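Keep in mind it's a predicted model, so treat the numbers as computed, not measured. Every chain is numbered from 1, with letters handed out A, B, ... down the list of sequences.
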There are 4 protein chains.
Amino acid sequence: MEEMKVQHSATSSEDTQSLPDKRDVPLDLVGITGFQCPATIAGWEKDLNRAQSVVATISLGVDLDAERKGVHLSRLMEVLLASRSEIRLEGLMGLLEETRARQGAGVAEIELEFTYFLERRSPVTQKKAMQGYRSWYRGRLTGSGKSTLNQVVEVPVMTLCPCSKAISDYGAHNQRAYVTVTLNHEGMTSEKELEVHLEEVVEMVEESASSPLYPLLKRADERYVTMSAYDHPVFTEDVARNVVTRLRGDQRFDSFKVSVVNEESIHNHSVQAVVQHRNT
Amino acid sequence: MEEMKVQHSATSSEDTQSLPDKRDVPLDLVGITGFQCPATIAGWEKDLNRAQSVVATISLGVDLDAERKGVHLSRLMEVLLASRSEIRLEGLMGLLEETRARQGAGVAEIELEFTYFLERRSPVTQKKAMQGYRSWYRGRLTGSGKSTLNQVVEVPVMTLCPCSKAISDYGAHNQRAYVTVTLNHEGMTSEKELEVHLEEVVEMVEESASSPLYPLLKRADERYVTMSAYDHPVFTEDVARNVVTRLRGDQRFDSFKVSVVNEESIHNHSVQAVVQHRNT
Amino acid sequence: MEEMKVQHSATSSEDTQSLPDKRDVPLDLVGITGFQCPATIAGWEKDLNRAQSVVATISLGVDLDAERKGVHLSRLMEVLLASRSEIRLEGLMGLLEETRARQGAGVAEIELEFTYFLERRSPVTQKKAMQGYRSWYRGRLTGSGKSTLNQVVEVPVMTLCPCSKAISDYGAHNQRAYVTVTLNHEGMTSEKELEVHLEEVVEMVEESASSPLYPLLKRADERYVTMSAYDHPVFTEDVARNVVTRLRGDQRFDSFKVSVVNEESIHNHSVQAVVQHRNT
Amino acid sequence: MEEMKVQHSATSSEDTQSLPDKRDVPLDLVGITGFQCPATIAGWEKDLNRAQSVVATISLGVDLDAERKGVHLSRLMEVLLASRSEIRLEGLMGLLEETRARQGAGVAEIELEFTYFLERRSPVTQKKAMQGYRSWYRGRLTGSGKSTLNQVVEVPVMTLCPCSKAISDYGAHNQRAYVTVTLNHEGMTSEKELEVHLEEVVEMVEESASSPLYPLLKRADERYVTMSAYDHPVFTEDVARNVVTRLRGDQRFDSFKVSVVNEESIHNHSVQAVVQHRNT
């Protein structure tokens, strides 16, 4: 036991991760994932003065040369925590630059997942309440300056089936659908500010469906939503296409992806539609 | 190092779990959980000759006296695997008896979770397809002979809101709901056979909603489902009550619980209704 | 159809949920579930002046008489949102009282689920970082004044297997375990304050395992954690029992439950231990 | 409303999905997703005569021209169910050909997710038990004949940290890791058979970690696993690299991806490593 201790102490000052590796296998990404952390998201909404406290689930990593044995994981955490109190979009690219520098890496990548809340007013009685939208920011920075930022938001909406309405004497099946929009911004730098706010994307999606969802509806509101949805039937395909027509040609981002999952109320499975488009 | 090896070898013949414990804390349940295993479910349906291959997620455990340090976990697995090829309901209580005996325990408990498939025919064109229903069997056996078996099945259905229909000039919001029924059988023994089949419970629930769900619908079927659901509006509360009226007084089980979660198509949250009832 | 339309217009001012029901089925619980909402948790920690912003997933409901058709769901939301900006423990029972009054109900129940963050310092270098703990508060209020509050927190820890250590010449398998502690407070009123803080429970659990987990560890910390865990081996059963010995006899709550799920590093399934105890 | 009703009756024989669309938005993928179905997987293992019954979760879809309003969803289901009783790898590309033909589409895509079971023997006592591996097959067929098949399997293993071992006098933290390997086969046709079986991939991954996992271990086995893992420490990075060295240069597939998620027993978050490689 004592001998083992001595033997181990001998190696204990050595930094195993810094040792050379002989397998000749560079890795695309090494890092932490699934780290939960409170964060303040500032400057991500129309009202720039209002910051929102969120709970973020975070991945942060770098690529790794074939020669190096491992990544310094605790340094990833230290870079992250230094900016913990307030994560800003402008700050995201700077955080990636610091990560690259601290690791001597070529590429640095980050993903933040969080639920973002926006106030929704019921359509008739104007009752206010907050509704949550799952959101993601993904940033990637390379040595050659090819940096990208993905802005992603999932918007729950209501869809009423046009086929069901057309073939039935009355009624039409309708359901919740989840629309995920990904905006790709290329050539992001730490000086550049995002011009698109999550709230804008949410509104475009809500206008593309049979009806938005609301956290709080009184009877007059429910009547309005029911009839309005019946007046605006959409297939899963239609929602995807309606969102595309709104995002197409917008020069504030380079490309985008729209993914719709329609939780059919007549089946126990879903229907999906996916489309990618390049604006620039 | 050598000494440690010797020291450890000295203790290696000792069964740590069998050592006495001095904290004076008996435990209610100790065992394995989340073990996935293929299983053949026989005799759990109307057509008794047809066995269904399922993938079961299993928990199996026993209580533990204050004096004993631990449970023999590998023996739990051995009891389980001996009956792996075909798990029968009649077999479940026998498996618990063997578990108690092998562990010298007072109480033995098992839970099996699996998806059970039933053929569903579309209402007009009679197109056939399989639909899956999440199911659970939970058994508990005590030394005093107080044994129980829970038969649980989750049935997805369609609900159309009566309020929305009543207050609107046309249309009505509708959505998927999940109805979970738990039947409690007391005094189960290894000789006793279950008289209620999952399929029966599924059918009772499907008749209690606005419409069943179907894996495959042609246009004529979709028209029928749409109009039939509009003709049979139900609140979350109604589904729960309709199921209760069907199960109430049935002497084949001692008590039951009905839980309905309605995935509102106008909100991003759900509505639930829960009720328990004693028949005997 | 025309007649139906007319009839529908005629009934549109009628409140369907208030209609009498003839099935004679009272319901135990009807309400909203899965509603996500930002909340400020105040007074739930040692440092009473510091409030934490969390994202809560909420269920709120009441029982329903056999005679009444439905619950006023939008009123549940209104009661909830009135207290949205700052949910306090003292406030929880008051919120349930208001819910009962607004619905004319006998029983009111609430559940809040959220991730609570506490600062953790690494054991040697004292590096600080936040670690999240899934938490739940469940309150129940009845007309007869039999009110209860459940305080629940899930604590991730490290467990090192004593059997593996004893039978091996070197090494010992170890893994993450999740310990869920539920404290039951009976006879809660809106005047009464909780005397136990989540942080206290977290610390008791962390002392009951082989080692706490840490968000950030430097090399000296990792060495300490590795050796400290090896020096404090515990079975799943031991963790449960160690927590019981710390909670047993504490008169600040009436009963408690400890549930440990050990994610075995040698298997792809888990081992669990569960125990309930009454203090008063 | 009356007119709408009449209009609806008039259009009820019309197939809404076949109508022309004027938004000029072609869609990349439209189809069903999340459909659960029992399936028999044949020819996917070394012992070709043994077929395994699994529960598959399926997505099937096609691309959609800008001019067409929608996809015929029920036909997707019909193509799928015709081959339900036994899904073979050879059959997958044929199923995609039929899907394209029935929809008049350019591209057809399928994904099957299922848990595949393989027998595992404990290393010393040779105790046999089944262990489940999450698996996916993804096929894609285009009009230009550019077809691909992805063979994906997730393998749970044990990893023991080399740094922890090196810096500590005794012990070393270890944990479960999940290794996901994706093999990409280009130019697949309905005549071509897959030459790589899932079992082969599972074995290569299990040899790349500190130890495989086992469903059933007796004391002698646990001793062996503990010491063997201590003798073969690997970082997350090492597991990824070890798998790459085994897959690199194998001409039976064109490219591959390895993704490792290490569920650190000293943290409540994970560490990941990702690498892609082209063989041909």
Item to check | Where B:M130 and D:P38 come nearest, the two heavy atoms and their spacing | outcome: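 Minimum heavy-atom separation between B:M130 and D:P38: CB-CD, 4.1 Å.
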Next on the checklist: For D:Y214, is the OH atom crowded, meaning more than 12 foreign heavy atoms sit under 6.0 Å from it?
Outcome noted: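 Correct, the count exceeds 12.
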Checklist entry - Is D:Y133 atom OH crowded by more than 12 heavy atoms from other residues, nucleotides or ligands, each under 6.0 Å away? => result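 Atom OH in D:Y133 is crowded, with more than 12 foreign heavy atoms closer than 6.0 Å.
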Item to check | Contact origin within D:K127 toward chain B - heavy atom pairs under 4.5 Å | outcome: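 Contact with chain B is through the side chain of D:K127 alone.
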Item to check | Criterion side-chain contact (heavy atoms from CB on, under 4.5 Å) on D:L216 and B:S74, from CA distance to verdict | outcome: CA-CA 6 Å; D:L216 175 53; B:S74 65; 3.9 Å; yes
Item to check | Derivation of the side-chain contact (heavy atoms from CB on, under 4.5 Å) call for D:V55 and B:F114 | outcome: CA-CA 10 Å; D:V55 173; B:F114 56 95; over 6 Å; no
Checklist entry - Can you tell me how far OG1 of D:T115 sits from CD of B:Q36, rounded to the nearest 0.5 angstrom? => result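 Answer for the CD-OG1 pair, B:Q36 versus D:T115, is 4.5 Å.
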Item to check | B:K218 and D:M77: CA distance, side-chain angles, deciding distance, side-chain contact (heavy atoms from CB on, under 4.5 Å) verdict | outcome: CA-CA 10 Å; B:K218 302 300 287 183; D:M77 199 58 91; over 6 Å; no
